[in-house]
Amino acid sequence: MEIQLHDITKRFDELVAVNDLSMTIRDGEFLTLVGPSGCGKTTTLRMIAGLETPTDGIIEFGGEDMTYASPQERELAFVFQAYALYPHMSARKNMSFALEHTDISEEEIEQRISETASMLGIEEHLDKNPPALSGGQQQRVALGRSIVRDPEIFLLDEPLSNLDAKLRVKMRAELQQLHREIQTTTIYVTHDQEEAMTMSDRVAILNNGDLQQIDTPEVVYSQPANRFVAGFIGSPSMNFLDCRFEESSGTIQTDAFTIEAPSEASGDITTLGVRPEELTIVPTRDGDFSAEVTVFEQIGAYNIIHLAVDGLDEGIVAQVDGSKHFDAGDTVGVDIDPKHVHLFDANDEAVYNPPLASEESTALV
Amino acid sequence: MSETQDSLVGKLTTDRSQLDWRPYVYLLPAFVMVAIFLAYPLVDTFLLSFQEVVTLGGETRWVGLDNYVAVVTDPLFWVAAKNTLIFSVGMIVLPLVLGLGLAMAINRGIEGRSFLRSLIFVPVVVPIVVAGIVFSWLLSPNGLVNWLLTTAGVIEEPARFLNSTTLSLPSVMLMVLWKRTGYYMVILLAGLQGLPDDVYEAAKIMGKSRWAMFRHITLPLLKPAILITLVLGIIDTVRAFAHVYVMTGGGPSNSSEILSTHFYQVAFGYFNFGKGAAYGFILFGMALVFSTIAIKLSGGTEI
Amino acid sequence: MRNINRRRVLKGITTAGAIGLAGCQSGNSSENGNGASSGTVQITLRERDDPMAAYEPGFNEAQENIELTASIQPPEEKYRSLISEINAGKAPEVVGLDVIYLPRFVQLGALSDLGSLNEDLGHDDYFEPLTPDFTTWNDTVHALPFWIDCSVYLYNKAHFEEAGIDPESPPTTFQEFLDASRAIRDNTDYTPLSLNLAGSNALGLELFFFMPHVWAGDGKLFNEEMTECLIDEQPAIDAVNFFKTMVEEDLCTDPTSNDTWTLQSFMNQETSMAYSAGFISHIEEESPEVWDNMATAMFPKPEGGTQSSFLGGNSVVIPKGITENEEKFNAAKEFVRWSQSEDGMRTTVEDIGYLPPRQSGLETEFVEENGHLYDAFTRAMEQGHAPPMHPKTIEMQDPLNNALARALLGEQEVEPALSEAKSKIDKILQG
């Protein structure tokens, strides 16, 4: 089922929660709405579900206007952040409750529940009530309750945020697996950019009710449309430095150093963005500039160092190989690959982004 | 000799280190209060229920179960029991249903909800004796209710609400309904406000009707709150006294006599101390049994 | 409204509290036991209404060695706490005991023997109906009559004139009373009679107002041997029929009403007659115009009967435990002695507004000045009846009240209603 949002606006009294939002979610697609809290992502999801009505705009399901349709008419499933399970019903009853008093026969209900339960690995817990289940098991029951209804559209509102970190990673994979199996149009809301990046076919980034960018995870990572997306996607966050573009010399100048500008660079460039993983630590004399290590964070597979640079007000963050170790106070050289920088104009719009990694590698071959 | 002493000392020390007496000392004041104000009178009354007071402050006589037999063979006891059962509809059922309806309306967010909530709660704060007297005025032959009914032409002659063998108990129940609805409403409203929105939204998305949501979500989730009101209602029904006493005194011709007013008459009006004590224990047992049944029937074990 | 409603509130509050405390015999101690250092003995009098506090100054001014404190508690609370106090051995030294409770308290062994005191006093002018009922149970004198209340009817002479009835000869028989009432109904705008007989809030009125009509026809609540109730006999049937006619012909206020303060409508001049107790002095202040036009008369009687009245009120008693402390016992006896004296009786009549136990108590200037009101009272004291004396009289009120209510509400015929009452009272007598 394809979903189209046309110029959707939602106001709560004075507050504009969603502002003139338009997007198309393709049939069978896994789309993630991501953004900081208050960005309008949950409101958007609730409008798609029919739990809220847009102040302006049109919502279409498969070309049919559903703006004012009841949730029931939309034939969709919604998984809530706190699961919204019925504590007084067993897991089985939670799942069958959705189907009771419909045309579906009892045998059919039984069958769907057992199929779904085995798909989710909760067969043994079907007769327990939610309070007796762990967070992950409750999460699976909540998913199962939605799946048994065989919906046209799957809506998930931060479904993993109540789980601990380990379980979250596991459930992430399971959800992807699930989506591959049921192939239903899925809209997933999260504030966690890592979830968005790892699970989605496409990611829509919202901020203050405005859509910032909607594209594949690779594109929003490599070619953020603006400084907000650039800063929001990726961890640790991109380093931003005030800069000037010297057109005559073809250089980008910051208060601390000057680097060669990418050949495509042009126009009014005010901010230089470099992802920590694109910074290379080299011996002092070889780098574009030198810096002092202020904090060293041992992660394992990779490590993170915080650097202070003479002439820069703010520190910068670099990601280094897990084998490398530094101590606070060490002085190091930093090398910037001019091809992998991001340049933003005064309006924070991206004026230069590096090519996609996938395209680069093709080129190399 | 010294060996014995040593071992004795050792024993005492270990005992002391094992038995930490401090918690018991902390509990002592509460324990003493309970013993004096609860346990002693309870036990004393229990013993009294098997005795007959021969002389005041002196001689008593053990009479076995005679007092209990005397209570349950008193025809008025059964009249009062039947009336109490009817009365409980006004004490429990009606205000519970009405209170739940109002709580749901207020919880849904109707206009002026806080004003409405206060308004409905006001009767709860009015002392029962005052409420009884006000309702007696309202329902008296030249009271407001009769004036309204005769003016509107519903009835020709003023009705005798309070001294009528058919209307006296319903009249008291009307006052009780007025007074208790707000009480239940507040408890149920607190329960409703504790229910998450998302379970209702989930049901909405499943396409459940309002009735189905009420039946399968609101009622079961509200069960603890309903159980509290139910048990409080049962206990209050058994203890209800001034409600009837002030408005009708149990009459006319015992038509509004309930167990507690009859109990009062037996124990304090007729100075039948033993029978009164037995009666008191029967009431105590009734409150206990009915509350337990209510809890068991609802499948809940905790309140 | 005032008095009764205030009392009703208190009743409600105190009795509601009692339910919570059922069986908890804590008992607050009275102000006794603190021996007087200055040679005066301190004693406490327990009474039930505020006016009785007047005994405190009355007695204390009459002598020097004893200091009396009046402790007033409304009836319900009074007996509950009195019982716990007697139980705990801390009873007040003197108690005004509603005479109807005398047999039950004697039965419970709660009262001391006042036989020798009575002999010492040697008064021979007690109103006849008071002895032995106000004093004696089981052939022993346990009490002396203290202050007496009697039931009479009040009438408004101006209303009588307006209705064409001679105010100087108020009706004396059922028939005359009905005729007078009809005259008032037909010739004036007034309701003839303020009446409450069987309000369920008003247990006691069925004895106080109804029984004199039965006694007037020589009927009784129960026989001498106290084995059988006689309330189903003709005198009672006649009496109920009299009231039933009053009700059916709209000649009185609702006698089963829960509003027991019927005197109010009489003071407001809405009614021309009112069944009343002897405590009427307050009318002078509350409604002077009515007071000036008012007279009292004894209740009507059946043809050939004798007008009667219910003589209630309190006897004065000394709880049993007091005898152990000779000083207190003597002081208590001193109060009893004073209460029977001319001085004590003057307090009862003039300061409190009730009637004295002895003839000489009514032979005062005050009574003479108010002769038009006291005539009926004096006659009531002479030819009235003490309450039916039995340890369970209180229990008999309920069946009688109920029978009257059902008969007067028209829910049951008079005779079956009374025979139902009889069988219930028989059970109480035999139980």
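What's counted below: heavy atoms across the whole structure, side chains too, no hydrogens, waters or symmetry copies. So you know, we letter chains A, B, ... as the sequences are listed, proteins then strands, and number each from 1.
- The number of heavy-atom neighbours closer than 6.0 Å to CZ of B:Phe214, taken from other residues, nucleotides and ligands shown, is above 12.
- Environment of CD in A:Glu106: sparse, with no more than 12 heavy atoms of neighbouring residues, nucleotides or ligands closer than 6.0 Å.
- Proximity to chain B involves both the backbone and the side chain of A:Phe78, based on heavy atoms less than 4.5 angstrom apart.
- Across all non-hydrogen atoms, the minimal contact from A:Leu76 to B:Ile205 is O-CG2, 3.4 Å.
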Quick check - list every chain A-chain B donor-acceptor pair under 3.5 angstrom, one line each.
from	atom 1	to	atom 2	distance (Å)
A:Arg46	NH1	B:Glu201	OE1	2.8
A:Arg46	NH1	B:Glu201	OE2	3.1
A:Arg46	NH2	B:Glu201	OE2	2.4
A:Tyr86	OH	B:Val199	O	3.2
A:Tyr86	OH	B:Ala203	N	3.3
A:His88	NE2	B:His216	O	2.7
A:Phe97	O	B:Lys208	NZ	2.6
A:Glu100	O	B:Lys208	NZ	3.3
A:Arg149	NH2	B:Ile205	O	3.2

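- For the salt bridge (charged side-chain N to carboxylate O under 4.0 Å, His left out) condition, no pair includes a residue of residues 85-102 of chain B, sequence neighbours left out.
- For A:Leu155, no part lies under 4.5 angstrom from a heavy atom of chain B.
- Heavy-atom contacts from other residues, nucleotides or ligands closer than 6.0 Å to CZ of A:Phe12 number more than 12.
- Counting heavy-atom pairs closer than 4.5 Å to chain A, the top-ranked of the candidates B:Ala212, B:Pro196, B:Ala203, B:Ala202 is B:Ala202.
- The candidate with the highest count of non-hydrogen atom pairs below 4.5 Å against chain B, out of A:Ala84, A:Gly50, A:Pro71, is A:Ala84.
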